[in-house]
Participant: 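Below is a structure I'd like to ask you about.
Positions are given from 1, in the same order as the sequence printed here.
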Amino acid sequence: MAKNILIVSSSLRAGSNSELISKEVERGAISAGNNVEFLSLKDKKIDFCIGCLKCQKKGKCILKDDMAQLIEKVNNADTLVFSTPIYYYEMSGALKNFLDRCNPLYIRDYHFREVYLITTSAENSETVFQRAKSGVEGFVECFPNSKFMGVFSGGGLTNPKEINTHEEILQKAFAFGEKL
């Protein structure tokens, strides 16, 4: 059965490696017969959460920005895939801000059951993404009907579009998408 997959790309840099890898994951997921929506935060206006907790009563945020539409996309997806470059061994500020603003979902009947993480980094090690993974796992723990499923990491990437010279990573990203 086809899944509704939402890929959220949090890099704000044009031609970013994390976005290009995410696009390859998207291609793989589509080839497997899934419905996939690719969402870039690049052009979105997302204010910081102000901690008023009014969303816990109303099920929606009082702030007037692009997040009202984005929350509906998150709510209605079966599978969420968050993509981030690694900054200082952590997820990007854009992704953290996005996750913080998902607070209205706590009181809703959210649909997502599976959550994945895609990371890219200049450093090429198996541990470089651990703090970002931990942050996304913390998000998932707040939604007891969902489960953190895994990480796809592309390391050794510094310059924009450098991933285009790493065919082996792109092939693995496609295969990762096929298995979502």
Participant: Test your reading of the model: is there a side-chain donor-acceptor pair from Gln171 to the backbone of Glu168, 3.5 Å cut-off?
Facilitator: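 Not confirmed, Gln171 side chain does not pair with Glu168 backbone.
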Participant: Should Val115 and Ile7 be regarded as members of a common hydrophobic cluster, given that ILVMFWY residues are connected when their side-chain heavy atoms come within less than 4.5 Å of each other, either directly or indirectly?
Facilitator: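 Different clusters.
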Participant: May I have all residue pairs that pass side chain to side chain donor-acceptor pair (under 3.5 Å) and include part of residues 59-71, sequence neighbours excluded?
Facilitator: Asp65-Arg101
Participant: Would you please name every residue forming a side chain to side chain contact (heavy atoms under 4.5 Å, CB included) with Ala29, sequence neighbours left out?
Facilitator: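 Result, side chain to side chain contact (heavy atoms under 4.5 Å, CB included) vs Ala29: Ile5, Asn34, Val36, Leu180.
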Participant: If Ile, Leu, Val, Met, Phe, Trp and Tyr residues are connected whenever their side-chain heavy atoms lie under 4.5 Å apart, and connections chain through other members, are Ile21 and Phe174 in the same group?
Facilitator: no
Participant: Decide whether Ile71 and Ile46 are clustered together by the hydrophobic rule: side chain heavy atoms of Ile, Leu, Val, Met, Phe, Trp, Tyr closer than 4.5 Å, transitively.
Facilitator: yes
Participant: Is the shortest heavy-atom distance from the side chain of Val136 to the side chain of Lys133 under 4.5 Å?
Facilitator: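 Not in contact.
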Participant: Mind listing the closest non-hydrogen atom pair of Ala2 and Gly33 along with its distance?
Facilitator: CB-O, 3.1 Å
Participant: What residues form a ring-ring contact (aromatic ring centres under 6.0 Å, His included) with Tyr106, not counting sequence neighbours?
Facilitator: Phe143
Participant: Partners of Lys42 by salt bridge (charged side-chain N to carboxylate O under 4.0 Å, His left out), sequence neighbours excluded?
Facilitator: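 Result, salt bridge (charged side-chain N to carboxylate O under 4.0 Å, His left out) vs Lys42: Glu19.
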Participant: Quick one, Asn4 and Asn76 - any side-chain contact, counting heavy atoms below 4.5 Å?
Facilitator: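 A side-chain contact is absent here, since even the closest heavy-atom pair is not under 4.5 Å.
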Participant: With sequence neighbours excluded, what pairs up with Glu90 under the salt bridge (charged side-chain N to carboxylate O under 4.0 Å, His left out) test?
Facilitator: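 Partners of Glu90 by the salt bridge (charged side-chain N to carboxylate O under 4.0 Å, His left out) criterion come out as none, since no residue qualifies.
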Participant: Measuring from atom CG of Asn75 to atom CG of Leu70, what distance do you get when rounded to the nearest 0.5 angstrom?
Facilitator: 12.5 Å
Participant: If you group Ile, Leu, Val, Met, Phe, Trp and Tyr by side-chain heavy-atom gaps below 4.5 Å, do Leu117 and Tyr110 land in one group?
Facilitator: yes
Participant: Report, as yes or no, whether the 6.0 Å neighbourhood of atom CZ on Arg13 holds more than 12 heavy atoms from other residues, nucleotides or ligands.
Facilitator: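 More than 12 heavy atoms, drawn from other residues, nucleotides or ligands, come within 6.0 Å of this atom.
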Participant: Judged by modelled atom types alone, do Ser153 and Thr119 share a side-chain donor-acceptor pair under 3.5 Å?
Facilitator: yes
Participant: With sequence neighbours left out, write down each residue that passes salt bridge (charged side-chain N to carboxylate O under 4.0 Å, His left out) with Lys3, or none if nothing qualifies.
Facilitator: Glu114
Participant: Strictly by modelled atom types, are Glu123 and Ser121 linked by a side-chain donor-acceptor pair under 3.5 Å?
Facilitator: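 Result is no, nothing qualifies.
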Participant: So, using side-chain hydrogen bond (donor to acceptor under 3.5 Å, both in side chains) as the criterion, who are the partners of Ser92 when residues are at least two apart?
Facilitator: Ser10, Thr84
Participant: List in chain and number order the residues that pass ring-ring contact (aromatic ring centres under 6.0 Å, His included) with Phe148, two or more places apart in sequence or in another chain; answer none if no residue qualifies.
Facilitator: none
Participant: Measure the shortest side-chain to side-chain distance between Met67 and Cys102 over non-hydrogen atoms and say whether it is less than 4.5 angstrom.
Facilitator: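 In contact.
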Participant: Do Val74 and Phe112 have side chains that approach each other closer than 4.5 Å (heavy atoms only, starting at C-beta)?
Facilitator: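 They are in side-chain contact.
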Participant: Test: ring-ring contact (aromatic ring centres under 6.0 Å, His included). Region: residues 50-100. Which pairs qualify, not counting sequence neighbours?
Facilitator: Phe82-Phe139
Participant: Compare all side-chain heavy atoms of Leu157 with those of His166 and state whether any distance is below 4.5 angstrom.
Facilitator: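 Result yes, sub-4.5 Å side-chain heavy-atom pair found.
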Participant: Run the ring-ring contact (aromatic ring centres under 6.0 Å, His included) test against Phe176 and tell me which residues pass, sequence neighbours left out.
Facilitator: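 Listed in chain order: Tyr116, Phe152.
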Participant: Report the distance from atom CG of Asn97 to atom NZ of Lys44, rounding to the nearest 0.5 Å.
Facilitator: 14.5 Å
Participant: Once ring-ring contact (aromatic ring centres under 6.0 Å, His included) is applied, do any residues pair with Phe129, and if so which ones, sequence neighbours excluded?
Facilitator: none
Participant: Give the C-alpha distance, both sets of side-chain angles, the deciding distance and a yes or no for salt bridge (Lys or Arg N to Asp or Glu O under 4.0 Å) between Glu72 and Arg108.
Facilitator: CA-CA 11 Å; Glu72 296 308 318; Arg108 290 195 188 183; 2.9 Å; yes
Participant: Flag yes if more than 12 heavy atoms outside Glu126 fall under 6.0 Å of its CD atom; otherwise flag no.
Facilitator: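 It does not: Glu126 CD has 12 such atoms or fewer within range.
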Participant: For Glu37, which residues count as a salt bridge (charged side-chain N to carboxylate O under 4.0 Å, His left out) partner, sequence neighbours excluded?
Facilitator: Lys73
